[in-house]
Amino acid sequence: MNPGFSHQLPPAVSQMEVDEPVGLPKLSRVAVCGGTHGDELSGVYLVREQLKQSKRKEADHEEPTPVLMVLSNPRATQQCRRYVDTDLNRCFTRSVLDGPTSDTDPYEIIRAKELNAMLGPKGSRGAVDLICDLHNTTANMDLCFIAYSDCDWISLHIFKHLQRQMPDTPMRFIHLDVSNKESYSLDSVGKHGFAMEIGPQPHGVVRSNIYATMKVGVQHMLDWIRHFNSGSVFDGGFVDVYTVVKNIDYPRDGETHNITAAIYPSLQDRDFCLLHPGDPLFQTFSGETLRYKGREPLYPFFINECAYYEKGIALSLARKKSVMIPAIRMQTDTEERACDWSFTSEEEE
């Protein structure tokens with residue numbers, strides 16, 4: 001993360017020794033985005049519904065919801081396709097956003113720059129405080145947060161809050177160990193951000209139970225933000241974090257590059273169940289069992305995700321660790337002014 005926005009404890013200070021809650025800036029500007037992938041319909045319909053309600057409130061002269069609702073990829077959404085030209089959720093690296101613009105650019109490159117102007121610029125003090133980007137997966141992953149930091153106390157506290165408020169919904173926090181410069185998804189544009197990924201749901205389909213889970217999750221997130229901004233103190237604690245180690249592709253034919261095997265039956269739909277060395281991994285179309293050759297047990301997820309066939313990913317593997325998060329509260333005005341001065345100094349450097 002950008003050092004001006006990391007809001008993490010100094011390295012020399014043990015998290016366990018901190019008694020006072022950590023003061024973090026107010027979350028004044030929050031965006032909820034859906035349809036970054038146009039065929040992941042829970043987020044599409046949730047954002048559409050919220051936009052419709054906002055228009056009704058405006059017509060009735062009611063107080064509007066203080067959250068920016070964004071339909072990220074309107075062309076792909078209209079066509080119910082993942083993307084039109086290229087994957088929008090891989091277009092938010094610094095090199096793409098800062099690159100020259102041309103009339104011949106793919107639609108999603110143009111749209112990424114529009115979203116960066118609307119919600120960012122990425123890495124700047126003008127960026128929105130938090131982006132929650134809504135996604136669906138065909139994999140059996142229940143509800144996951146996917147984020148680029150395992151020490152972003154805001155995202156981790158929101159996740160912890162959802163775990164407490166939705167005890168019957170299995171949840172995991174997935175950490176992509178990628179630098180801010182190389183972070184590629186829409187949520188990386190905000191000072192804080194994560195994808196809320198919920199499945200299983202086929203692409204191009206909306207299931208009421210998955211939609212309802214997403215709607216409740218977003219509502220609890222917004223409730224937490226409201227309490228945080230009102231000055232509530234949130235206790236610290238431990239959160240399990242799954243850090244991505246590697247991706248594994250399907251076995252493929254050397255000449256045609258066609259896949260030659262499918263996920264082994266006993267592994268299918270068992271996301272986040274520990275995979276041990278020697279466990280069955282693939283079953284070839286000729287009937288042979290191919291086993292996991294890794295040296296350590298790891299946690300598989302995105303198992304047989306439909307959209308990842310084109311990316312050469314049969315599943316991802318992660319290590320699990322327990323992260324201690326400190327108690328937090330909103331900063332005082334004095335602390336916020338000091339934080340603004342610190343960030344200005346870092347920009348000047």
Report task. Please test T213 against M166 for side chain to side chain contact (heavy atoms under 4.5 Å, CB included), starting from the C-alpha separation and ending with a verdict. Result -> CA-CA 9 Å; T213 299; M166 303 168 68; 4.0 Å; yes
Query raised in the report: Are C144 and D142 close enough, and set up right, to give a side chain to side chain contact (heavy atoms under 4.5 Å, CB included), and what steps lead you there?
Result: CA-CA 7 Å; C144 295; D142 296 300; over 6 Å; no
Query raised in the report: After noting the C-alpha distance and the side-chain angles of L119 and L68, does the key distance pass the side chain to side chain contact (heavy atoms under 4.5 Å, CB included) rule?
Result: CA-CA 9 Å; L119 304 175; L68 183 61; 3.5 Å; yes
Query raised in the report: side chain to side chain contact (heavy atoms under 4.5 Å, CB included) between T77 and R48: does it pass, once the steps are laid out?
Result: CA-CA 11 Å; T77 299; R48 282 176 173 169; 3.4 Å; yes
Report task. Under the ring pair (Phe, Tyr, Trp, His ring centres under 6.0 Å) rule, what do Y242 and F301 come out as? Steps first, then yes or no, please. Result -> CA-CA 10 Å; Y242 294 80; F301 63 99; 7.6 Å; no
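Looking at heavy atoms from C-beta onward, L317 lies in side-chain contact with P300 at the 4.5 angstrom threshold. Considering only heavy atoms from C-beta on, D279 stays 4.5 Å or farther from L267 through its side chain. Side chains of D223 and Q165 form no contact here, defined as non-hydrogen atoms less than 4.5 Å apart. At a threshold of 4.5 Å between non-hydrogen side-chain atoms, the residues I154 and F228 count as touching. A heavy-atom distance below 4.5 Å is found between the side chains of N89 and L186. The shortest distance between side-chain heavy atoms of T86 and C91 falls below 4.5 Å. In this structure the side chain of L115 reaches within 4.5 angstrom of the side chain of L88, judged on heavy atoms. For the pair P74/Y107, a side-chain contact is recorded, criterion being any heavy-atom separation below 4.5 Å from C-beta on.
A continuous path of Ile, Leu, Val, Met, Phe, Trp and Tyr side chains, each step under 4.5 Å between heavy atoms, connects Y211 with M196, placing both in one hydrophobic cluster. Cluster membership check: F302 does not share its hydrophobic cluster with Y309, using side-chain heavy-atom separations under 4.5 Å among Ile, Leu, Val, Met, Phe, Trp and Tyr. The hydrophobic cluster containing V189 does not contain Y83, counting ILVMFWY residues as joined when their side-chain heavy atoms lie under 4.5 angstrom apart, directly or transitively. In the hydrophobic clustering of this structure, Y250 does not group with I313; members are Ile, Leu, Val, Met, Phe, Trp, Tyr whose side-chain heavy atoms approach within less than 4.5 Å, directly or through other members. No path of Ile, Leu, Val, Met, Phe, Trp and Tyr side chains, each step under 4.5 Å between heavy atoms, connects I263 with Y308, placing them in separate hydrophobic clusters.
Summarising the geometry, atom CG belonging to D150 is positioned 7.5 Å from atom CG belonging to L156; distances are rounded to the nearest 0.5 Å. Rounding to the nearest 0.5 angstrom, the gap separating the CZ atom in F282 from the CD1 atom in I259 is 9.0 Å. In this structure, L281 CG and L315 CG are separated by 6.0 Å, a value rounded to the nearest 0.5 Å. Taking CG of L298 as the reference point, atom CD1 of I248 lies at 8.5 Å (rounded to 0.5 Å). Interatomic distance, S230 OG to M330 CE, rounded to the nearest 0.5 Å: 7.5 Å. A distance of 11.5 Å separates CG of N304 from CG of N140, quoted to the nearest 0.5 Å.
Here the closest non-hydrogen pair linking L41 and C80 is CD2-SG, 4.3 Å. Smallest separation of non-hydrogen atoms from G99 and K113: O-NZ, 2.9 Å. Among all heavy-atom pairs drawn from F173 and S149, the shortest one is CE2-O, 3.7 Å. Closest non-hydrogen pair, I328 versus W153, comes out as CG2-CB, 4.1 Å. Contact record, H276 with Y292: O-CD2, 3.2 Å, taken as the closest heavy-atom pair. The heavy-atom pair separating K160 from D235 by the smallest distance is NZ-O, 3.6 Å.
Under 3.5 Å, the side chains of E305 and H203 contain a donor-acceptor pair of N or O atoms.
For R270, the CZ atom counts as loosely surrounded, since its 6.0 Å shell holds 12 or fewer non-hydrogen atoms of other residues, nucleotides or ligands. Crowding of Q268 atom CD: a count of heavy atoms from other residues, nucleotides or ligands under 6.0 Å exceeding 12. The environment of NZ in K311 is crowded: more than 12 heavy-atom neighbours from other residues, nucleotides or ligands sit within 6.0 Å.
A parallel orientation is assigned to the rings of F194 and F145, their planes being inclined by less than 30° (bins at 30° and 60°).
Between E108 and R111, no side-chain nitrogen of the basic residue sits less than 4.0 Å from a carboxylate oxygen of the acidic one, so the salt-bridge criterion is not met. With respect to R319 and E296, a salt bridge is recorded, a charged nitrogen being found less than 4.0 Å from a carboxylate O. No salt bridge links D271 with R172; every basic N to acidic carboxylate O contact stays at or beyond 4.0 Å.
Using a distance-only test at 3.5 Å, with no hydrogens or angles considered, a donor-acceptor pair links the side chain of K122 to the main chain of F92. In terms of modelled atom types and a separation under 3.5 Å, the side chain of Q201 and the main chain of V205 share a donor-acceptor contact. Side-chain N or O atoms of Y148 include one that pairs as donor or acceptor with a backbone N or O of Y184 at under 3.5 Å. Using a distance-only test at 3.5 Å, with no hydrogens or angles considered, a donor-acceptor pair links the side chain of K191 to the main chain of A127. When atom types are taken as modelled, the side chain of T260 and the backbone of P251 share a donor-acceptor pair closer than 3.5 angstrom. Checking side-chain atoms of R291 against main-chain N and O of G278 turns up a donor-acceptor pair under 3.5 Å. Under the 3.5 Å distance criterion, the side-chain polar atoms of D129 are left unmatched by any main-chain donor or acceptor of H192. The main-chain N or O of P121 is found under 3.5 Å from a side-chain atom of S124 such that the two form a donor-acceptor pair.
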Output a table of donor-acceptor pairs, distance under 3.5 Å, between side-chain atoms of residues 22-40 and any protein atom two or more places apart or on a different chain; print 'none' if there are none.
| residue | atom | partner | partner atom | Å |
| --- | --- | --- | --- | --- |
| R29 | NH1 | G126 | O | 2.7 |
| T36 | OG1 | S72 | OG | 3.0 |
| T36 | OG1 | D133 | OD1 | 2.8 |
| T36 | OG1 | D133 | OD2 | 3.1 |
| H37 | ND1 | E40 | OE2 | 3.0 |
| H37 | ND1 | R82 | NH1 | 3.4 |
| H37 | ND1 | H135 | ND1 | 3.4 |
| H37 | NE2 | R82 | NH2 | 3.3 |
| H37 | NE2 | D87 | OD1 | 2.7 |
| E40 | OE1 | H135 | ND1 | 3.1 |
| E40 | OE1 | N136 | N | 3.0 |
| E40 | OE2 | R82 | NH1 | 3.2 |

